[in-house]
Amino acid sequence: DNADEVAINSLGGTNISNNSNMCMPNNKKPEAATLTSSVGDASSSSAAILANNAYNNSTRPTKDETKHIKAVTSTHSDHVRNTKYDLLWFLGPALICYALNTSIVPIYAIGIARIISTRLTLTLHYLFFDKDNYLNKLPQKQLQREGEDYLVGTILHMYAQIPLQVLFPGMFFSDPSVIAISAKRALIAHVLLVEPLYYAAHRWLHIPENMKSMHGFHHLSISTLPSTSLVQNFHEHFVYIAVFGPAFFAPFVLYGEMHWTIIGAYLVLFDLINAYGHMNIKYRHPIFTSKYSPFQYLFYTPEFHLGHHAFFRANYALFMPIWDHMFGSWRKYTKTDTDKLLPADKQDFVFIGHNAGLAHFLTCPEWDVYAAYGPFRTFKYLPYSVEFLFCNLVGAFCRLIMSCYTCSRYMINETLIGRVICICRTPIDYIKPSRYPLVNKDIVKLIKSQNKHYGTKCFGLGNLNKMKQVNDGGQLISDMVKADPELKDKDIRVWTGDTMTAASVYHQLSELPGFDTLDSIFFVGANGKIGNAVCKHLLTTKPNLKIRIYSLSHTLDHPNVTYTSDLADLLNHRVVVLGKQLGVRKYSKALAPFRGASSKKQELTPYKCRVILDYTVPYVPIDLTGFHNIEHHQIAVLETSPDSNFLKGHFDIGFGLEQHQIYPCHAGCIINTLYDRKTDEVGEICVKDMMTMWKRGQELGLRNRPLKF
């Protein structure tokens, strides 16, 4: 937990050779990157507070001030909550209300309003603040933890409201004429009761014993999201019910009247203001910062509460800092990370993507920031035809209001800016040949607009945007750019990144345990340009390896290559490589007669297959029920270190991958940008380039994601 930054000059002495035999020109060596050590999980370490980029020298906490943090947060760091029954918990109040004969309308109106306002706040915060701030990247562990817990308090309050409605109906169902006066009374009660109560309770929660048992869970988050305000230990929610309840319970006791709409409005407004305090932004209007302004005591800014998460023992107040000024716990905090961002109009590289189905929509951070990482969801009972039709309708609507969808930007080697931008095309557009010209037209239109507005010259084609049937592996896009009157003299470069993908697949195969002694492999998709390049290189480096290809067309003429149209033949080979997506039903039909067969190691084993290696995107698991000894693994996924300066920011969001992982084609295009490659990378893959690209990737800290068998 040493928080001092350690400079590691890992690339300064690297020699990148310029081999004249390579098909790919080696234009220039990039500036040497420096890797800086930091804490791996910034959500659960005291060292993260010291190393966090949000602090400057004048406001940075000392080691002595933060030495207690690890002790109080480690108690909660392994917390995992079962979310399987969340929908049932949400529906539970309806059943209880029915049994107790009390109205469900106030309970669900308030609960749903709070959920919608929270989700909307997260969306707006991402769009306007987090999307382009590549220096503020929250750990996946924190996102997973907060995603499991941020609605617990809202649902718990729905249950707490039931007995109050039964015992004190006048607090919810008074005449609507009292709504206006009740709002004023609730505001007064908040200022006079809730604010001082919260300050006292918050100080109490920071007693080490209470931090370990409750409040430390909230402080696992150093960098925060708006919804971090709702993430609390389960028992702590009851403390807050007692603290916030007087805002409407005290007026009811004094005047005998209150209305549920005021309670709901108070809770929604409370959530919004609390979320504002957890926004990782700086807002420094003089009305809140001037020493002569009373508002610096009456209403807080996000930096005030972010200072509490930084210092732990300062800035305890809820919304009114006056209590910290009165009791000497106020401390100035300055957030500086956004001052270090490169200009907003800088954009050196664009990776052009597209929609990959319904699950892809659900990973958009604008929809759900907590779902940005991890594998795509599968919809077992939803036919692809229905899913793709729905996505097609969404895509058609999007094209009416936008030409493309702009994703997060990221920093390359401390000097360049990359961004993922998706054209508004969905799977059906890549299935129907009649739509191929429209896809290509959209790609060129995007290239033209980005070059015009940002001067961007480097473009990568993602997944189906470089499909052979659509544009001959990007060759048609390259030709269209060169023929366009506006682009032909702009030095536009178009890349597929497939050379890096082929290199990744080859190394993943060659590094398998026992691969040198393997006599054969089964290959689906070997006729594609990636599969073709991998097979050619395997046949050169491993001359005794036999390759069985599933295909009706014969494109590789080699004595060690044979072809088959029987997909079930894959069971006769210990290693299977998938480079082409086939229908799930096709695999099910081919494997059905052999499910449950013996897979012992005797010579008469009904099947030999042990591992299926899949580099198709998106990765879709095959149903291997009954084949207990066969494992299906996704390959061709690269990892980069979280403390690497080669890539910083959200380059890994929405791809169905874990944090700090990237597809090789994307990485290959980034490497081309970094090396200022002057030529296009389209069409067939130059096999000689594979090793050069792989060497460059390794020098930049990229590596294949390890397989766990």
Side-chain angles (χ1 to χ4, degrees), residues 1 39-50 52 54 61 65-86 89 114-115 118 122 138-160 197-244 270-271 274-275 277-280 302 305-318 369-370 373:
D1 283 327
V39 179
D41 180 12
S43 67
S44 59
S45 170
S46 58
I49 294 180
L50 295 173
N52 191 293
E65 289 173 318
T66 57
K67 64 183 180 181
H68 62 288
I69 295 175
K70 183 177 180 181
V72 298
T73 58
S74 60
T75 308
H76 306 276
S77 60
D78 294 327
H79 168 84
V80 177
R81 192 178 73 82
N82 185 355
T83 60
K84 186 177 180 179
Y85 303 105
D86 280 5
W89 281 114
R114 295 180 70 187
I115 293 172
T118 299
L122 278 170
L138 301 185
Q140 184 177 355
K141 183 178 179 181
Q142 175 182 338
L143 293 174
Q144 181 179 354
R145 173 175 51 80
E146 291 194 15
E148 293 172 350
D149 282 276
Y150 78 107
L151 293 179
V152 169
T154 299
I155 296 177
L156 184 62
H157 293 169
M158 293 170 66
Y159 281 90
L197 275 174
Y198 179 87
Y199 181 84
H202 201 178
R203 294 292 299 258
W204 177 78
L205 285 169
H206 274 259
I207 295 173
E209 291 75 12
N210 298 327
M211 283 292 292
K212 290 181 180 180
S213 61
M214 289 187 289
H215 196 51
F217 182 70
H218 177 71
H219 276 278
L220 287 173
S221 301
I222 308 303
S223 295
T224 58
L225 287 169
S227 54
T228 304
S229 59
L230 301 173
V231 179
Q232 312 288 350
N233 170 269
F234 182 78
H235 302 95
E236 190 174 346
H237 286 296
F238 294 96
V239 176
Y240 292 134
I241 289 175
V243 170
F244 306 145
F270 184 98
D271 287 348
N274 202 10
H278 287 79
M279 291 182 179
N280 222 325
H305 191 73
L306 291 176
H308 173 69
H309 279 259
F311 300 122
F312 255 51
R313 292 173 174 170
N315 300 1
Y316 294 98
L318 182 56
V369 68
Y370 295 118
Y373 297 113

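Here the structure is a predicted model, which means the values were calculated and not measured.
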Shortest non-hydrogen contact from His218 to Val231? ND1-O, 2.9 Å
Just jot down the side-chain contact (heavy atoms from CB on, under 4.5 Å) partners of Gln140, sequence neighbours excluded, or say none. Tyr373, Glu658, Gln659
Going through the distances and angles, do Ser213 and His235 end up as a side chain to side chain contact (heavy atoms under 4.5 Å, CB included)? CA-CA 9 Å; Ser213 61; His235 302 95; over 6 Å; no
Is there a donor-acceptor pair closer than 3.5 Å between any side-chain N or O of Asn280 and the backbone N or O of Ser223? no
Phe238 meets the side-chain contact (heavy atoms from CB on, under 4.5 Å) criterion, sequence neighbours left out, with Leu156, Phe234, Ile241
Out of curiosity, Met279 CE to Leu306 CG, how far, rounded to the nearest 0.5 Å? 11.0 Å
Which residues satisfy the ring-ring contact (aromatic ring centres under 6.0 Å, His included) test with His308, sequence neighbours excluded? His202, His206, His219, His305, Tyr316
Residue list, side-chain contact (heavy atoms from CB on, under 4.5 Å) with Asn274, at least two apart or on another chain: Ser229, Phe270, His278, Tyr300, Phe319
Where do Ser221 and His309 come nearest, in terms of heavy atoms and distance? O-ND1, 3.0 Å
Walk me through it: do Leu122 and Tyr370 pass the test side chain to side chain contact (heavy atoms under 4.5 Å, CB included)? CA-CA 10 Å; Leu122 278 170; Tyr370 295 118; 3.9 Å; yes
Listed partners of Tyr199 passing ring-ring contact (aromatic ring centres under 6.0 Å, His included), at least two apart: Phe327
Should Leu151 and Trp89 count as side-chain neighbours, where that means a heavy-atom distance under 4.5 Å? no
Within a strict 4.5 Å, meaning less than it, do heavy atoms of the Leu143 and Leu225 side chains meet? yes
Kindly indicate, with the supporting measurements, whether the criterion side chain to side chain contact (heavy atoms under 4.5 Å, CB included) is fulfilled by Asp149 and Phe217. CA-CA 11 Å; Asp149 282 276; Phe217 182 70; 3.7 Å; yes
Looking only at non-hydrogen atoms, find the nearest pair between Asn233 and Met214 and report the distance. CB-O, 3.3 Å
Shortest non-hydrogen separation from Gly153 to His237 and the atoms involved: CA-CE1, 3.4 Å
Residues at least two apart in sequence or cross-chain that pass side-chain hydrogen bond (donor to acceptor under 3.5 Å, both in side chains) with Tyr159, listed by chain then number, are none
Report the residues that fulfil side-chain hydrogen bond (donor to acceptor under 3.5 Å, both in side chains) with Thr224, sequence neighbours left out, ordered by chain and then residue number. none
